[in-house]
Amino acid sequence: MKLIEAIIKPFKLDEVKDALNEIGIEGITVSEVKGFGRQKGHTELYRGAEYVVDFIPKIKMEIAVSDDLVGKVVETIQNVAKTGRIGDGKIFIIPLEEAVRIRTGEKGSDAI
């Protein structure tokens, strides 16, 4: 099992969610986060004053999947979330040691 963490632009969330649903992914955790990478933030003008926005709003998606679905999920996220512009995000694949469904006690792939 793997935990896939994807950091994407907020306006891409619905498209990515729908695409993942189409390939059979049923469970996704989504968080609103802020951060920066190579973008290093940007400068904005507000009421005539210029200020630096260090942290850019992003969406963090967490998806637990069995090993055989990892490639398909990563490819789907990458294809749908890509705009070709800086700040499209990142995908991290993390080994997932165990998963337990609280309601039934199921473990491993059965729990996800």
Side-chain angles (χ1 to χ4, degrees):
M1 294 179 300
K2 301 283 191 255
L3 180 65
I4 299 172
E5 288 187 356
I7 310 296
I8 63 171
K9 291 183 174 186
F11 68 89
K12 285 291 191 173
L13 175 60
D14 286 336
E15 288 178 60
V16 172
K17 178 185 64 82
D18 292 343
L20 289 171
N21 198 5
E22 285 178 23
I23 64 167
I25 300 302
E26 296 172 345
I28 302 170
T29 301
V30 176
S31 307
E32 292 181 10
V33 296
K34 292 182 180 186
F36 66 89
R38 291 186 180 162
Q39 268 179 295
K40 304 264 192 297
H42 62 277
T43 305
E44 288 189 3
L45 198 60
Y46 180 72
R47 295 191 178 197
E50 197 173 274
Y51 65 98
V52 176
V53 178
D54 290 333
F55 293 100
I56 310 297
K58 299 286 183 177
I59 294 294
K60 177 180 176 182
M61 302 179 78
E62 296 171 296
I63 309 147
V65 297
S66 57
D67 290 331
D68 58 326
L69 287 175
V70 172
K72 195 172 189 180
V73 170
V74 169
E75 182 181 350
T76 299
I77 295 170
Q78 189 174 3
N79 290 340
V80 176
K82 183 178 181 177
T83 67
R85 306 183 84 191
I86 193 165
D88 275 351
K90 297 253 185 331
I91 300 172
F92 303 101
I93 303 163
I94 304 160
L96 187 59
E97 189 173 318
E98 184 66 273
V100 178
R101 185 183 310 265
I102 294 172
R103 179 177 55 87
T104 63
E106 293 171 290
K107 294 187 177 190
S109 293
D110 293 335
I112 57 175

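FYI, the numbering just counts along the sequence from 1.
- Distance alone, capped at 3.5 Å, places no donor-acceptor pair between the Glu5 side chain and the Met61 backbone.
- Under a 3.5 Å cut-off, the side chain of Thr83 and the backbone N or O of Arg85 do form a donor-acceptor pair.
- With rounding to the nearest 0.5 Å, the separation of CG in Leu20 from NZ in Lys72 is 11.0 Å.
- Linking Ile, Leu, Val, Met, Phe, Trp and Tyr whenever their side-chain heavy atoms come within less than 4.5 Å leaves Ile112 and Ile28 in two separate clusters.
- Between Val65 and Ile25, the closest heavy-atom pair is CG1-CD1, 4.0 Å.
- Connection of Val30 to Leu3 is not established within any shared hydrophobic cluster, with ILVMFWY side chains joined at heavy-atom distances below 4.5 Å, either directly or through further cluster members.
- One distance of note links CD of Glu26 with CG of Asn21; it measures 8.0 Å at 0.5 Å rounding.
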Evaluate the side chain to side chain contact (heavy atoms under 4.5 Å, CB included) criterion for residues Asp110 and Thr104: first the C-alpha distance (whole Å), next the side-chain angles of each, then the deciding distance (0.1 Å), finally the verdict. CA-CA 10 Å; Asp110 293 335; Thr104 63; over 6 Å; no

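- Between Ile7 and Phe92 the shortest side-chain heavy-atom distance falls below 4.5 Å.
- Closest approach of Ala111 and Arg101 over heavy atoms only: O-NH2, 3.3 Å.
- For the pair Ile77 and Ile63, the minimum side-chain heavy-atom distance is below 4.5 Å.
- Scanning both residues, Val100 and Lys107, for their nearest heavy atoms gives CG2-CG, 4.0 Å.
- Under a hydrophobic-cluster definition in which Ile, Leu, Val, Met, Phe, Trp and Tyr are linked whenever side-chain heavy atoms come within less than 4.5 Å, directly or via other members, Ile23 and Val16 are assigned to the same cluster.
- The shortest non-hydrogen separation linking Ala19 to Val80 is CB-CG2, 3.6 Å.
- Taking CD of Glu22 as the start and NZ of Lys17 as the end, the distance is 10.5 Å to the nearest 0.5 Å.
- Using a 4.5 Å cut-off on side-chain heavy atoms (C-beta onward), Ser109 and Met1 make contact.
- Heavy-atom minimum distance, Val74 versus Ile91: O-CD1, 3.8 Å.
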Run the numbers on Glu32 and Ile59 for side chain to side chain contact (heavy atoms under 4.5 Å, CB included), then give the verdict. CA-CA 5 Å; Glu32 292 181 10; Ile59 294 294; 3.9 Å; yes

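- Counting heavy atoms from C-beta outward, Lys34 and Lys58 have side chains that stay 4.5 Å or more apart.
- For the atom pair Lys2 NZ and Leu69 CG, the distance stands at 12.5 Å (nearest 0.5 Å).
- Residues Ala64 and Leu96 approach most closely at CB-CD2, 3.8 Å, considering heavy atoms.
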